[in-house]
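What follows is a short report on a single structure.
Every heavy atom of this structure was used, including side-chain atoms; hydrogens, water molecules and symmetry mates were not.
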Amino acid sequence: MHAFAALLDSLIYTRGRNAKLKLIVDYLLATPDPDRGWAMAALTGDLDIPGIKPAVVRALIEARIDPVLFRMSRDYVGDTAETVALLWPAPVPAPIGEPLSVSAVVDRLLHLSRSDAPAALAAMLDRLDAEERFALLKMATGSLRIGVSARLAKTALAQAFGLDVDVVEEVWHGLSPPYASLFAWAEGHGPQPTAADVPVFRPFMLAHGLEDAQVDLADYAAEWKWDGIRVQIVHTAGQTRLYSRTGDDVTGSFPDVAAAFATPGAVDGELLVKGEVQGGTLEDGGGAASFNALQQRLGRKQVSAKMLADYPAFVRLYDILVDGDEDLRNLPWTERRARLEAFVPRLDPERFDISQVIAADSFTELEAIRAGARDAAIEGVMLKRRDSPYVGGRRAGLWYKWKRDPLTADCVMMYAQRGNGRRSSYYSDYTFGCWTEDGELLPVGKAYSGITDEELKMLDRFVRGNTLNRFGPVREVEKSLVLEIAFDSIHASSRHKSGVAMRFPRIARIRTDKPAAEADRVETLRRLVT
């Protein structure tokens, strides 16, 4: 555990991508199997220990120290694992035994029942120092949050052994931790693993932002960029899986879509929820509700019949990667588009349609079309080079995303909450509101991004110096600071007293020049609802 704990500690305090990659590379090259395999499972979010959940950890620590002290400390630190690691009492006398390895920890916890696992975890914590306890708790609860994505961890593995990261991605979902066959291949003493008869994930092709550039529509096709979640749907050997952009398997959250896709192949599209008004029907290229409707379905491991009926999902297809057993990714976009148009009629029209190409004779005309698009389900425009193959990651000059200009509103800070990780010492998450006609300030959103480190420090000082009430980790502040909030769209919401919910809110400016009384009204936001 010591080496893995040192890795996590270093990753937390390392900000540069290349520096993080080197840390993981060095760990993988120096660590034997199966420890490094289980470490990769933890870093990529593929390690699930059913018997250990955050509630179990809280119960263990509150049985050993004053629960009030723990809660106060947790509010200050901002992270349960770090708080428990620091507060866990050292046993007297200290247990003697062989150092714990990552594989020994995982093997024991995975094979214990939910009733036996907590006691085993406590015994392990008794044998470790604070840094190792932190690593154990993060790994056991499956909540690393150390600034490392699954893609970054896989990129490090590829770099360590001179592999193509896209090839690693393609075989990953056909393998199970601790990935013995993958490391054997990587070190040259085993064959390349294949995921035969398994619907594997293939890396998504991504786009660069267009910024202020222009493209020639003779070379590029334009499509709407829909506001859902991008998914890949794969069917092979009688199995169907849905993958998110990060390669997470989301099939369980959308069983209705998976059940409707039984044609061998792999497609790329936008997962949406049907709407009754916006854009018309699936057949004429509309029918999508706002992202707010899709949120009702996201992250659910079990979906009730009522949820399936109230929020029916469908996929608007962008591209085709595989048709039957034929890999189409090396074909130019124009040929893949023709194959996709021939593929879609084989699918259930209630669950699948195709994203239409936007007809525009010039970039200027396309700009005007984009500026007029305020459909709740449209996020912007995609520009795809007509001769581009489908390649994983972002490749310069092939695809561009051209999001519609954000909306903005001047809002008043109401509450602030401590952040997590590097921001755990700062009040960095802000709830803000707008005025009603009667002069009441109602919350309309929450944001934590868009500000520099210096602005974060300034806002933290404001919160500490203008606190009216404390509610655990949350502080109510004097209603005097205006934040200009940028957001992509706004939707009606019955869950909020204001009746509105923002999509992707972020802080655009701190308006110290503007009196709070001159901030925007809720009614103004309601008129922007799409």
To check you understand the geometry: which heavy-atom pair defines the closest contact between [X] and [Y], and what is its length?
X: A41; Y: T44; value: O-OG1, 3.3 Å
X: G397; Y: R385; value: O-CD, 3.8 Å
X: P177; Y: D46; value: CG-O, 4.2 Å
X: S489; Y: L407; value: CA-CD1, 4.2 Å

Hey, are [X] and [Y] close enough for a salt bridge, meaning a charged N less than 4.0 Å from a carboxylate O?
X: E82; Y: R74; value: no
X: K154; Y: E169; value: yes
X: R297; Y: D256; value: yes
X: R329; Y: D319; value: no
X: R337; Y: E223; value: yes
X: R346; Y: D323; value: yes

Any luck finding a side-chain donor-acceptor pair between K22 and Q159 under 3.5 Å?
->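 The criterion, which ignores hydrogens and geometry beyond distance, is not satisfied for Q159 and K22.
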
Would you say the side chains of E270 and Y318 form a donor-acceptor pair under 3.5 Å?
->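 Looking only at side-chain atoms, Y318 and E270 do form a donor-acceptor pair, the distance falling under 3.5 Å.
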
Does NZ or CZ of R370 lie under 6.0 Å from the centre of the six-membered ring of W402, at an angle within 45° of the ring axis?
->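 Judged by the rule (NZ or CZ under 6.0 Å from the ring centre, within 45° of its axis), R370 counts as positioned above W402.
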
Within this structure, what is the [atom1]-[atom2] distance for the pair [X] and [Y], rounded to the nearest 0.5 Å?
X: L8; Y: Y27; atom1: CG; atom2: OH; result: 8.5 Å
X: L206; Y: L398; atom1: CG; atom2: CG; result: 11.5 Å
X: E335; Y: R386; atom1: CD; atom2: CZ; result: 14.0 Å

[atom1] of [X]: more than 12 outside heavy atoms within 6.0 angstrom?
X: H2; atom1: NE2; answer: no
X: D164; atom1: CG; answer: yes
X: R394; atom1: CZ; answer: yes

Taking the inter-plane angle between the rings of Y400 and Y220 on a 0 to 90° scale, is it parallel (under 30°), tilted (30 to 60°) or perpendicular (over 60°)?
->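 Y400 vs Y220 ring planes: tilted.
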
Just by distance, do the side chain of R151 and the backbone of V165 share a donor-acceptor pair under 3.5 Å?
-> no

Report yes or no: does R36 contribute a side-chain atom to a donor-acceptor pair with the main-chain N or O of L28 at less than 3.5 Å?
->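 The answer is yes, because a donor-acceptor pair under 3.5 Å joins these two groups.
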
Min side-chain heavy-atom separation [X]-[Y] under 4.5 Å:
X: E379; Y: W226; result: no
X: V257; Y: L271; result: yes
X: F343; Y: T263; result: yes

Residue set satisfying ring-ring contact (aromatic ring centres under 6.0 Å, His included) with F201, at least two apart, ordered chain then number -> H173, F204, Y243

How would you list, by chain and number, every residue that makes a ring-ring contact (aromatic ring centres under 6.0 Å, His included) with F261, sequence neighbours excluded?
->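 ring-ring contact (aromatic ring centres under 6.0 Å, His included) check on F261 returns F352.
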
Please output the side-chain donor-acceptor pairs of residues 500-507 that fall under 3.5 Å, not counting sequence neighbours, one pair per line with the distance.
residue	atom	partner	partner atom	Å
R503	NE	D227	OD1	3.0
R503	NE	D227	OD2	3.1
R503	NH2	D227	OD1	2.5
R506	NH1	D488	OD1	2.8
R506	NH1	F504	O	2.7
R506	NH2	D488	OD1	3.1

Side chain to side chain donor-acceptor pair (under 3.5 Å) test vs D268 passes for just one of R202, R336, R230, Q232, namely R230

Would you check if the distance from the ring center of F161 to the ring center of W185 is below 6.0 Å?
->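 Ring centres of W185 and F161 not closer than 6.0 Å.
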
Before giving the answer on side-chain hydrogen bond (donor to acceptor under 3.5 Å, both in side chains), spell out for S493 and H491 the whole-Å C-alpha distance, their side-chain angles and the decisive distance to 0.1 Å.
-> CA-CA 6 Å; S493 172; H491 314 296; over 6 Å; no

